[in-house]
2 protein chains.
Amino acid sequence: MTTKEIKKKCKGRPKCFDRQEALEKAKIMFCLYGYQGTSIAQLTDAMGIKPPSLYGEFGDKEKLFIEVLDYYYAPYKEEVSRIFKEKNSTEATFKAIFNLSKGFHTQGISVGCLIVNSSINSYDEDTLIGAKLKAIHDENESTLYKRLEQGKKDGDVAADVNTKRLSRYVSGILAGAAIIARGQKSTDAVTDLLEQGFESFQILIKA
Amino acid sequence: MTTKEIKKKCKGRPKCFDRQEALEKAKIMFCLYGYQGTSIAQLTDAMGIKPPSLYGEFGDKEKLFIEVLDYYYAPYKEEVSRIFKEKNSTEATFKAIFNLSKGFHTQGISVGCLIVNSSINSYDEDTLIGAKLKAIHDENESTLYKRLEQGKKDGDVAADVNTKRLSRYVSGILAGAAIIARGQKSTDAVTDLLEQGFESFQILIKA
DNA sequence: GGATTTTTGTAGTGACCACTAAAGAAATAA
DNA sequence: TTATTTCTTTAGTGGTCACTACAAAAATCC
């Protein structure tokens, strides 16, 4: 007996929508118009549900957005984790990460990165959203940092490299790529930035 | 007889506010809360005027914002122009530009860059604001590109350097710095990104 | 079948949004 | 002084915001 079949055995009227599909639609809207720029009416239209269903399922707009942030970040996180396991050298690992960003921003109509976009508008850490965004950014930068430190142990990152500074450099370039992708909508500009960024990364880990 | 004295000789009730001071206050509000996030009520409170005065002077919220964008961009443009005249080498010129960004984002409470912030929310070129932002970005990138081309003629940028790619690289890092400054509010992170960025720039123009 | 539980759709809530009509106030012109 | 012009202030406009009270609908439990 699956979980879904167990779920069906409970009392009350069953839900008319799929939670994940609803999150997916909400994600698209927030990516396009941002947190402030997306109204509940727009969300309910896109999700195919009525306001009471949205509030019943997700609490309020802010809580829904935070759920969407996790839902958005999870695949990226998994992909980076996969790259870490798959690739051996530090250079190949970061090449794959730069390529991940390039692929993400250059196929289809790019709307940038929801995390980066949101950090512009909800930059106050005192808010739930601000704290969540800060946590995601810190986790990402820390992941890059740890991989560079590992590279030092493995010997393919030079001993005198400032790994903290370099992780912030990579993080900054990835953020810049997201901005350029959304603001300029030029795949060439994104590609140039990331390729030049990786080229310099190759040099920087060697000295 | 000055222009202001001539202005005083016209009919009608004189204005109770200074146009530039009003723009300055509007700039602060838009920098803090963005275009969508700043209401007319917030603007009029900060500017010390009532809505009819705002609409009489600036047209509407969108036109005011576009004026603020120009007002915001002008000093940066002048400063870059001054650097171009002052510095001789390409390296010293770009060092000064990276430092300009560093100084801007690391003194006081940084709110990032109004141009970059706005390009997240008003990224559609079909709007007046989107077109203005695109124009400013293109002008800035073009300025950097031309200076790199000049460097090739002067001989302090290697002949085989892809100047277009490099200008996009610099532009991307400056955008990234603005994002980090606003989102992370860490002066160290901004400094690391810009210093590492300039360090790699030094290498990249030599080969 | 009737009671209970949960979700649904309808139809709103007060608050705030960008913006403005209208009249008073302050200057010049005659 | 009176008329004209321009700006200011007051007091709103309809529209949209996030959010919700309420009752019908659809399931299970007894």
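Just so it is clear, the structure is predicted and the values come from calculations on it, not from any experiment. A note on names: the letters A, B, ... follow the listed sequences, proteins ahead of strands, and every chain is numbered from 1.
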Taking only N and O in the side chain of S53(B), is any of them less than 4.0 Å away from OP1 or OP2 of dC7(D)?
-> no
Check DNA chain D against residues 56-71 of chain B and give the residues with a non-hydrogen atom under 4.0 Å, in numerical order.
-> none
Assign the ring pair F65(A) / F30(A) to parallel, tilted or perpendicular, where the plane angle (0 to 90°) is split at 30° and 60°.
-> perpendicular
Ring pair (Phe, Tyr, Trp, His ring centres under 6.0 Å) partners of residues 100-138 of chain A, not counting sequence neighbours, each pair once = none
Name all residues meeting the ring pair (Phe, Tyr, Trp, His ring centres under 6.0 Å) criterion together with F84(B); count only those two or more places apart in sequence or in a different chain, and write none if there are none.
-> none
Side chain to side chain contact (heavy atoms under 4.5 Å, CB included) involving K63(A) - partner list, sequence neighbours excluded = D60(A)
Kindly indicate whether the side chain of C113(A), heavy atoms from C-beta on, has any atom under 4.5 Å from the side chain of Y76(A).
-> no
For residues 121-131 of chain B, which residues have at least one heavy atom under 4.0 Å from DNA chain C?
-> none
Do K152(A) side-chain atoms and V161(A) backbone N/O form a donor-acceptor pair below 3.5 Å?
-> yes
When the distance from NZ of K15(B) to C1' of dT6(D) is rounded to whole Å, what number comes out?
-> 9 Å
K50(B) side-chain proximity, nearest of dC29(D), dT10(D), dA29(C) | dT10(D)
Looking only at dA18(C), dT28(D), dT9(D), the nucleotide nearest the Y55(B) side chain is dA18(C)
Whole-Å gap separating C1' (dC19(C)) and CG (L43(B)) = 13 Å
Check against side chain to side chain donor-acceptor pair (under 3.5 Å), S119(B) and R182(A) | CA-CA 8 Å; S119(B) 72; R182(A) 185 174 179 93; over 6 Å; no
Whether N162(A) side chain and Q196(B) backbone form a donor-acceptor pair below 3.5 Å = no
Those residues at least two apart in sequence (or on a different chain) that pass side chain to side chain contact (heavy atoms under 4.5 Å, CB included) with E195(A) are K102(A), T191(A), R165(B)
So, K61(A) side chain and T38(A) main chain: donor-acceptor pair closer than 3.5 Å or not?
-> yes
In whole angstroms, how far is the C1' atom of dA18(D) from the CZ atom of F30(A)?
-> 12 Å
Does K134(A) have any salt bridge (charged side-chain N to carboxylate O under 4.0 Å, His left out) partners at least two apart in sequence or in another chain, and if so, which?
-> D138(A)
Is there a donor-acceptor contact under 3.5 Å from the side chain of S81(A) to the main chain of K77(A)?
-> no
Any pair counted as salt bridge (charged side-chain N to carboxylate O under 4.0 Å, His left out), so long as it reaches residues 29-41 of chain A, sequence neighbours left out = none
In whole angstroms, how far is the C1' atom of dG9(C) from the CG atom of L54(A)?
-> 14 Å
Considering only nitrogen or oxygen atoms on both sides, find all protein atoms under 3.5 Å from nucleotides 22-26 of chain C and state each distance.
residue: dG24(C); atom: N2; partner: R13(B); partner atom: NH1; Å: 3.4
residue: dA25(C); atom: O4'; partner: R13(B); partner atom: NH1; Å: 3.3

Options dT8(D), dT5(D), dT4(C), nucleotide nearest the side-chain atoms of C16(B) = dT8(D)
Residues from residues 32-41 of chain A sitting under 4.0 Å of DNA chain D, heavy atoms only?
-> T38(A), S39(A), I40(A)
Tell me: CE of M47(A) to C1' of dG9(C), nearest whole Å?
-> 16 Å
Under the salt bridge (charged side-chain N to carboxylate O under 4.0 Å, His left out) test, which residues partner E57(A), sequence neighbours left out?
-> K15(A), R19(A)
Please walk me through it: do Y35(B) and E62(B) pass side chain to side chain donor-acceptor pair (under 3.5 Å)?
-> CA-CA 8 Å; Y35(B) 176 68; E62(B) 187 180 38; 5.3 Å; no
List in numerical order all residues of residues 21-28 of chain A for which some heavy atom is under 4.0 Å away from an atom belonging to DNA chain D.
-> none
Taking K27(B) for the side chain and L114(B) for the main chain, is one N or O donor matched with an acceptor at less than 3.5 Å?
-> no
Interatomic distance where CD1 belongs to I49(B) and C1' belongs to dC7(D) [whole Å] = 11 Å
